[in-house]
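Notes for the one structure printed next.
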Amino acid sequence: MEKTYDPKNLEQRWYQTWEERGYFTPSDEADGSSSYCIMIPPPNVTGSLHMGHAFQDTIMDALIRFHRMRGDKTLWQAGSDHAGIATQMVVERLVNAEGKTRHDYGREKFIDKIWDWKEKSGNTITRQLRRMGSSLDWEHERFTMDDGLSDAVREVFVRLYEEGLIYRGKRLVNWDPVLHTAVSDLEVLSEEENGSMWHMRYPLSNGQGHMVVATTRPETMLGDCAVAVNPSDERYKHMIGELLELPLTGRKIPIIADEEHVDPKFGTGCVKITPAHDFNDYHVWQRHRDEVSVSEQRHGGLINIFTVDAVIRDNEPEEGELIPAKYIGMDRYDARKQIVADLEQLGLLEKIDDHKLMVPRGDRSGSVIEPFLTDQWYVKAGPLAKPAIEAVESGKIKFVPDNWKNTYFEWMRNIEDWCISRQIWWGHRIPAWYDSEGNVYVGRSEKEVREKHNLDADYALSQDEDVLDTWFSSALWPFSTLGWPQDTERLKAFYPTSVLVTGFDIIFFWVARMIMMGIKFMDDVPFHEVYIHGLVRDSEGQKMSKSKGNVLDPIDLIDGIDLEPLVTKRTTGLMQPKDAPKIEKQTRKEFPTGIPALGTDALRFTFAALASTGRDIVLSTSRIEGYRNFCNKLWNAARYVLMNTEDQDCGQDNSKIELSVADRWIISRLQQTETKVTEAIEGYRFDHAAQAIYEFTWNEYCDWYLELSKPVLMSKESSTEQKRGTRRTLVRVLETLLRLTHPIMPFITEEIWQRVAPLADATGDDAHGSASVAGGTTAGMQEVEQSRKPEPRTPEATTIMTQPYPVADAAKIDAEAIQEMEWVMQFILGVRRIKGEMNIAPGKQIPVLLGNTSQTDVGYFQNNRHYLDFLARTESVEILAPGDDGPESATALVGEMKLLIPLSGLIDKDAELERLNKEMSRLKQDMERAEKKLSNKGFTDKAPEAVVQKERDKMEEAALALKQLEQQAARISDL
RNA sequence: AGGCGCGUAGCUCAGUUGGUUAGAGCGCUACCUUGACAUGGUAGAGGUCGUUGGUUCGAUUCCAAUCGCGCCUACCA
């Protein structure tokens, strides 16, 4: 093995091997009790991997690998969605670069172009997913626009339509005037922006003064149909029903009373009502449209003033001058200026205040969204939501962490009908046809429609031009990918899926809709658990976004990147090019030397370690570096193990062995670690799993066990059985640790495992307990680990991926060994602390005396002499007779035993006194604390006996230790 | 406005039925290139657990109030 761990050369090699050998496809031979399935949240075909994906994929892959190793029939479903608007925009931009528009190509040719683009460029993210080590079933990769999923979409649409759960209607929608399509509420992002509040005077038609209305969008006044006041508002009560002159239009509009919408305490208490351009006003209009004063307005009061571009429209022939000619053809903002100017001139502008307002913008185009009156298709959400709410209430679906169900309920209980039509070309075309009379026919195909309605082949039908919202097909993902509407084996095996892993930002978008559709069409929930993870932020806690220039490409963390390319990457393609200098400066400051190559395993381990219950994941490269170092530690531990075991007898043939205290101790600790890690993964606490692995590997296996193995292996006095036992433990603990770690760090564990596994010889049933053992307890005699029969190992086709996941065996936990090792470690630490604090070189061998020894101390000492000499660098150890205080010495306590290092020549008297004083004051504090508790009658009366006893023990121990140290201090100061 | 969440070491975070000296990583200090690893070893410094009350024998943990921060939803024309 190389001296330093280098992820580069091993990660991609292993991934390729795994994929070639088909390890990612669910195994028919899986012997676990159940199947396990996760659907990947389909990434967007235009997308590339960001940190959120990398984090999410790490969690899913860890779960998938964990269950695969446990023997479950395991599927991680791969695929991507067609991202209607985003994809169309990408290809449209390419077409624009040719100097053409999509209309020059026409619908069909343009769609062909998108498919071409998808073939060539649509796989960026799947390549990146492979770099993350994701063990997705690529053989069954799906795409929301492929034939099968398109069938599913049509089927669902038709069935919902036939049940009356899909309908077509003219409604106000969020209209993107740049993309010319409706978008859903969820695709609109509102942010506070600076604007103005215009206060306009609307004269009373009877000449008795005016009313003042305020608005943030004065241009919409052209479409006003009324002014509303609160009926209880004394100021205006008497004016209800009177008419106002709507300035600039020559129209008269009524004053109406609306208690719900109008807050008399806000502004002037008068609200202009523009029902075709404001959602609230639309609702007011719905309440009042039957009142004569409103209904006799043009178009019943519902007056649209814009074109699809948000330009003031022209009048229809029969409308006369409904829209004043002066403004026709003006963009909405030009019209605003003009109207304000004209009002000003007429003396009808009372004032303009600065005003902050929430401006809705399309998340794709960035343009200001316009409420706009159009014909759209809707899904009636209420009936679908009801069982979906119950599924979560009843616990059929559990959110992890549990609180997220509140968010879900909040949304579901106030759900509104879902606008599913989009005025774009790329997507599932709505399966509805119209005849020249305007009749609508819905069916799976034109053929089906004609058959069903007995329409001749020459009866003219034209299909609806619109396509469905991408999320409509995503909502079907958990069953459509498995073959629905066909009744497939995969569907039977994997639906309902086990868990959905996703970010909280799409609980509404996606999670809720999958639940509704799953229950509706599969008659069962799509998944049993929803694990909601946090959002990855940069080292300053900022949300990562391209526009902020603080995005990190996970691949750059894996492979490393120099500063200059990183700066270039972050500053190109910005929505706001003016931010480039700021971003460059910030990048140079944060990464003065670029980013070092850290490897996938280190990145994955970092994600796991950060995956606690919080909402934010703050990622810093120093943290990843720490875990890269951990990989190196593991690597070098393996190197040490191999150096001492390869070509040597490690007890593979189950020949006689003797297990030392250290062997039995590390085996015990391994079992405890296995329990912790397994429980952590089962409870989605990957941070706890990672921490348990980290601590065991570094603080126990490396820091102690490997060191303790050295004297055994190096000494001529060790027996063959002892050496064999140690080698076997070295190798088997490592082998097990690799399996334990594999779900989080797949690559390094596979690489090392390939070399370690043959030495550990983890095969064969008769390995259990058949080794003949000299010495040691029963618990220690058994195998390090084996739970499930592993697959037969042949040289070419074996992998850690399909080995059994470690299962702890409580019988292997040797409490005595743990206690004895605790003593050994305390001894060694005591000596080291004295050396450290007395400025004695750690390597210097020194004499040690033991005072106040018990029978156990003497036994432990004799058993472990070789460890103590080696790790504490003792020159000699002498046990003092009872009552003998020995010469003046520096002191450490191991339980009640005194560990003495004679002062002569070595130790500074004052320094030792200082040390003792420090230790004594610590003990005194402990005592005081305990004493205070014990002298409190409330405590001794009411606290549980065990707690009180614990306090008494503590008190006693501290008192004893204090006494010993006081004596010691007295002797030294007498010198 | 409503809902959710968070304030613990310089930084990032653990701390699940209230009871050890409140832990870890990174960073910091001193020493050590010893034979798996300087991407390392050894020893160490560092916290009135946001604030204030309450419940309790006992509160980082439970309750209330308060301050600060973040997110989501709905927004006032």
Side-chain angles (χ1 to χ4, degrees), chain A residues 1 3-5 185 190 197 213-217 227-228 261-263 265-274 278-281 355 357-358 401 403-404 406-407 410-411 414 504-505 507-508 535 537 539 541 543 596 598 602 606 609-610 612-620 622-623 625-644 683 685 687-688 691 694-695 699 702-703 706-707 710 714 829 832-837 839-843 873 922-923 925-926 929-930 932-933 936-944 946-948 950-951 953-954 958:
Chain A
M1 284 173 91
K3 190 174 172 184
T4 305
Y5 154 70
D185 293 350
S190 291
M197 179 80 84
V213 295
T215 179
T216 55
R217 305 174 61 216
V227 166
H261 182 54
V262 184
D263 176 2
K265 288 189 282 297
F266 186 88
T268 58
C270 309
V271 187
K272 66 192 266 311
I273 302 301
T274 322
D278 183 285
F279 290 101
N280 285 317
D281 292 2
H355 182 72
L357 73 163
M358 297 296 278
N403 289 19
W404 287 110
N406 297 331
T407 306
E410 175 65 21
W411 160 258
N414 299 298
F504 53 79
D505 45 341
I507 289 179
F508 310 142
L535 198 75
R537 295 168 177 279
S539 56
K543 195 167 169 174
L598 298 161
T606 309
L610 293 172
S612 61
T613 52
R615 287 190 170 193
D616 298 328
I617 309 298
V618 179
L619 191 77
S620 66
S622 65
R623 187 89 191 234
E625 268 176 71
Y627 292 120
R628 192 265 321 261
N629 296 353
F630 175 66
C631 290
N632 191 55
K633 191 74 181 174
L634 181 62
W635 182 263
N636 276 286
R639 207 162 76 93
Y640 167 80
V641 171
L642 290 170
M643 280 166 61
N644 285 287
R685 290 305 301 264
D687 55 332
H688 289 166
Q691 200 186 346
Y694 188 97
E695 278 175 0
N699 303 343
C702 291
D703 284 353
L706 295 191
E707 295 307 317
K710 288 174 185 175
M714 278 157 61
L829 289 172
R832 281 180 184 167
R833 205 174 305 125
I834 292 173
K835 283 185 176 179
E837 286 166 20
N839 281 325
I840 299 168
R873 307 272 165 200
R922 196 176 297 171
L923 287 168
Q925 272 179 17
D926 283 1
R929 220 186 315 248
K932 200 174 149 194
K933 281 191 184 177
N936 183 340
K937 201 161 171 338
F939 177 71
T940 47
D941 287 353
K942 292 187 185 170
V947 175
V948 178
K950 209 169 172 182
E951 217 57 39
D953 293 348
K954 206 198 311 179

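On a predicted model such as this, the values are computed, not experimentally measured, just so you know. The chains referred to below are lettered A, B, ... by the order of the sequence lines, with proteins before strands, and numbering in each begins at 1.
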Any base atoms under 4.0 Å from Tyr627(A), or only sugar-phosphate, or nothing? Heavy atoms, all strands. nothing
Could you tell me which residues satisfy side-chain contact (heavy atoms from CB on, under 4.5 Å) with Val641(A), sequence neighbours excluded, listed by chain and number? Thr645(A), Tyr701(A), Leu706(A), Leu730(A), Val731(A), Leu734(A)
Choosing from rG19(B), rC4(B), rA14(B), which nucleotide comes nearest the side chain of Asp687(A)? rA14(B)
Determine, for nucleotides 58-64 of chain B in 5'-to-3' order, which nucleotides have protein heavy atoms under 4.0 Å from the base (write B), from only the sugar-phosphate (write S), or from neither (write -). -------
Lys272(A): partners by salt bridge (Lys or Arg N to Asp or Glu O under 4.0 Å), with sequence neighbours left out: Asp224(A)
Taking pairs as Watson-Crick (N1-N3 plus N6-O4 or O6-N4) or G-U wobble (N1-O2 and O6-N3), each distance under 3.5 Å, the stems of three or more consecutive pairs with RNA chain B are B:1-7 with B:67-73, B:10-13 with B:23-26, B:28-32 with B:40-44, B:50-54 with B:62-66
Ring pair (Phe, Tyr, Trp, His ring centres under 6.0 Å) involving Tyr694(A) - partner list, sequence neighbours excluded: Tyr627(A), Phe630(A), Trp698(A)
Residues forming a side chain to side chain donor-acceptor pair (under 3.5 Å) with Asn629(A), sequence neighbours excluded: none
Which part of the nucleic acid does Thr215(A) contact within heavy-atom distance under 4.0 Å: base, sugar-phosphate only, or nothing? sugar-phosphate
Residues which pass salt bridge (Lys or Arg N to Asp or Glu O under 4.0 Å) with Lys710(A), listed by chain and number, not counting sequence neighbours: Glu707(A)
Which residues pass the salt bridge (Lys or Arg N to Asp or Glu O under 4.0 Å) test with Lys265(A), sequence neighbours left out? none
Check the interface with nucleotides 27-37 of chain B: list each N/O to N/O pair with the protein under 3.5 Å, or write none.
| unit_1 | atom_1 | unit_2 | atom_2 | d |
| --- | --- | --- | --- | --- |
| rA36(B) | OP1 | Lys710(A) | NZ | 3.0 |
| rA36(B) | O3' | Arg639(A) | NH2 | 2.9 |
| rA36(B) | O2' | Asn636(A) | OD1 | 2.7 |
| rA36(B) | O2' | Arg639(A) | NE | 3.0 |
| rA36(B) | O2' | Arg639(A) | NH2 | 2.9 |
| rA36(B) | N7 | Lys710(A) | NZ | 3.3 |
| rA36(B) | N6 | Cys702(A) | O | 3.4 |
| rA36(B) | N6 | Glu707(A) | OE2 | 3.1 |
| rA36(B) | N3 | Asn636(A) | O | 3.1 |
| rA36(B) | N3 | Ala637(A) | N | 3.3 |
| rC37(B) | O4' | Asn636(A) | OD1 | 3.0 |
| rC37(B) | O2' | Asn632(A) | ND2 | 3.1 |
| rC37(B) | O2 | Lys633(A) | NZ | 3.0 |
| rC37(B) | N3 | Lys633(A) | NZ | 2.9 |

Can you name the atoms? Protein N/O to nucleotides 43-45 of chain B N/O, anything below 3.5 Å, with the distance.
| unit_1 | atom_1 | unit_2 | atom_2 | d |
| --- | --- | --- | --- | --- |
| rG44(B) | OP1 | Arg833(A) | NE | 3.4 |

Partner residues of Glu951(A) under the side-chain contact (heavy atoms from CB on, under 4.5 Å) criterion, sequence neighbours left out: Ala930(A), Lys933(A), Leu934(A), Phe939(A), Lys954(A)
For Asp687(A), which residues count as a salt bridge (Lys or Arg N to Asp or Glu O under 4.0 Å) partner, sequence neighbours excluded? Arg685(A)
